[in-house]
Q: 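This structure is in structure tokens; I'll ask about it shortly.
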Amino acid sequence: MKVLEINNLSKSFDKDGPAVDNVSLTVEQGEFFALVGESGCGKTTLLRLAAGFEDPDGGSIDINGSTVAQKGNNLKPEKRKVGMVFQDYALFPHYTVGENIAFGISNESAAYKKQRVGEVLEMVGLQGFEKRYSHNLSGGQQQRVALARALAPKPKLILLDEPFSDLDGLLKDQLREEMRNIIQRANATALFVTHDMRDALSSADRIAIMRNGSIVQTGTPRELYDNPKDSYVANFFGKINTFNVRVEGGCFRLSTGCIEDVNNYGDGEYMVGIRPENVEILSTCADQCFRATVKLAQYFGDHQQVYADVGEARDLVIHAHEKVLFKEGDPICLNFDPNKVHVFEK
Ligand SMILES: Nc1ncnc2c1ncn2[C@@H]1O[C@H](COP(=O)(O)OP(=O)(O)OP(=O)(O)O)[C@@H](O)[C@H]1O
Ligand SMILES: [Mg+2]
């Protein structure tokens with residue numbers, strides 16, 4: 001079932017062009033869905049439109065099968081059954097944790113509020129924190145209170161804007177996993193914004209990547225990592241070497257060699273991308289390979305990072321796992337798994 005369905009949504013603030021530009025997106029029941037993209041690409045605006053803090057210029061938003069936004073007909077945020085966790089948590093510092101959480105369920109009886117506050121605090125692992133003030137809590141604890149507040153009205157959809165951006169290292173990884181579990185146990189669906197590709201790759205069921213207000217590609221983490229639609233998507237999810245090659249006579253050619261065009265792209269000029277871990281350094285040069293020269297080799301224990309010029313393609317990065325240590329000036333031969341080579345439109 002579709003919990004969130006966005007169709008051709010647009011929003012402009014000024015003459016700079018649209019912040020959200022004709023976006024269509026669906027989030028299915030139970031998904032942990034990540035929205036990624038560089039700063040200013042429109043992620044927060046899209047979330048705010050879904051939550052009802054902004055009204056769209058065009059397009060529509062459906063939540064649980066009913067239309068909540070359409071030009072001239074926008075439901076108020078509190079009527080959308082959506083929970084939102086903001087980047088800065090937006091807790092009221094002069095309220096206790098309990099009062100902060102009860103804020104979202106103001107229409108209920110005092111007894112129900114007390115019970116629900118206890119329930120959601122237990123869900124986020126903060127039993128007994130009702131009377132504490134939010135300014136006395138750690139970043140991770142504030143984060144959980146913000147999540148508890150969003151969960152209190154039993155929303156079907158939770159929107160999280162950069163919920164982990166203040167945290168790092170192990171705490172961030174743990175909290176991200178915990179949040180995912182808590183949201184799933186609450187039977188909710190989540191759309192979360194992050195600009196950290198590790199967050200998205202490691203925890204999302206699906207990812208949509210935005211650029212200049214539009215969605216460039218949507219897919220599972222593996223689909224986006226292994227089959228990026230263009231070099232923007234490829235670069236967002238980690239280092240990728242991109243360079244131009246000529247396909248001629250069934251071969252990808254550089255001036256220093258050729259590799260068979262097994263996928264039959266056909267003759268022409270192409271831009272290709274290959275990730276550092278997918279370049280193989282051969283011990284002996286075969287017919288099908290590119291000759292290269294090491295410019296710099298760095299030893300990192302579990303791998304060596306080798307920079308090499310391969311004919312016209314400069315500064316290729318290779319993650320090598322060979323026992324032998326490479327050094328500047330070493331002649332090497334490289335092979336690319338043709339199925340790991342991405343071919344982009346130039
Ligand atoms: N209230 C507003 N008034 C005017 N312009 C705005 C407003 N909110 C956002 N914008 C503009 O819309 C564009 C998208 O902003 P948005 O906050 O959605 O980006 P973002 O992807 O969340 O970026 P970040 O990763 O930095 O948080 C930006 O150019 C921003 O300056
Ligand atoms: Mg933002």
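Whatever order the structure lists them in is the order used to number ligands and atoms, beginning at 1. Scope of the values below: all heavy atoms of this structure, side chains included, with no hydrogens, waters or symmetry mates.
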Q: Is Thr45 in polar range of ligand 1, meaning some N or O pair under 3.5 Å apart?
A: yes
Q: Determine which pairs satisfy disulfide bond (SG atoms under 2.5 Å apart) with at least one residue from residues 208-265, sequence neighbours left out, and list them in order.
A: none
Q: Give yes or no for whether the N/O distance cutoff of 3.5 Å, strictly under, is met between Gly42 and ligand 1.
A: yes
Q: Any N or O on Ser39 sitting closer than 3.5 Å to an N or O of ligand 1?
A: yes
Q: Just need the protein heavy atom nearest to atom 29 (O) of ligand 1, so name the residue and atom and give the distance.
A: Gly40 O, 4.1 Å
Q: Is Glu178 salt-bridged to Arg144, going by a charged N under 4.0 Å from an acidic O?
A: yes
Q: Which residues and atoms, protein N, O or S only, are under 2.8 Å from the Mg ion (ligand 2)?
A: Thr44 OG1
Q: Anything under 30° is parallel, anything over 60° is perpendicular, the rest tilted; go ahead and classify Phe252 against Tyr270.
A: perpendicular
Q: Give a yes or no on whether a salt bridge exists between Arg198 and Asp173, defined as a side-chain N under 4.0 angstrom from a carboxylate O.
A: yes
Q: Does ligand 1 come near enough to Gly37 that some N or O of the ligand is less than 3.5 Å from an N or O of the residue?
A: no
Q: Which of these, Leu49, Thr194, Thr44, has its nearest heavy atom closest to atom 17 (O) of ligand 1?
A: Thr44
Q: With sequence neighbours excluded, what pairs up with Arg314 under the side chain to side chain donor-acceptor pair (under 3.5 Å) test?
A: Asp309
Q: Quick one: list whatever passes disulfide (SG to SG under 2.5 Å) with Cys41, sequence neighbours left out.
A: none
Q: Do me a favour and list the nearest non-hydrogen protein atom to atom 1 (N) of ligand 1 with residue, atom name and distance?
A: Phe13 CE2, 3.7 Å
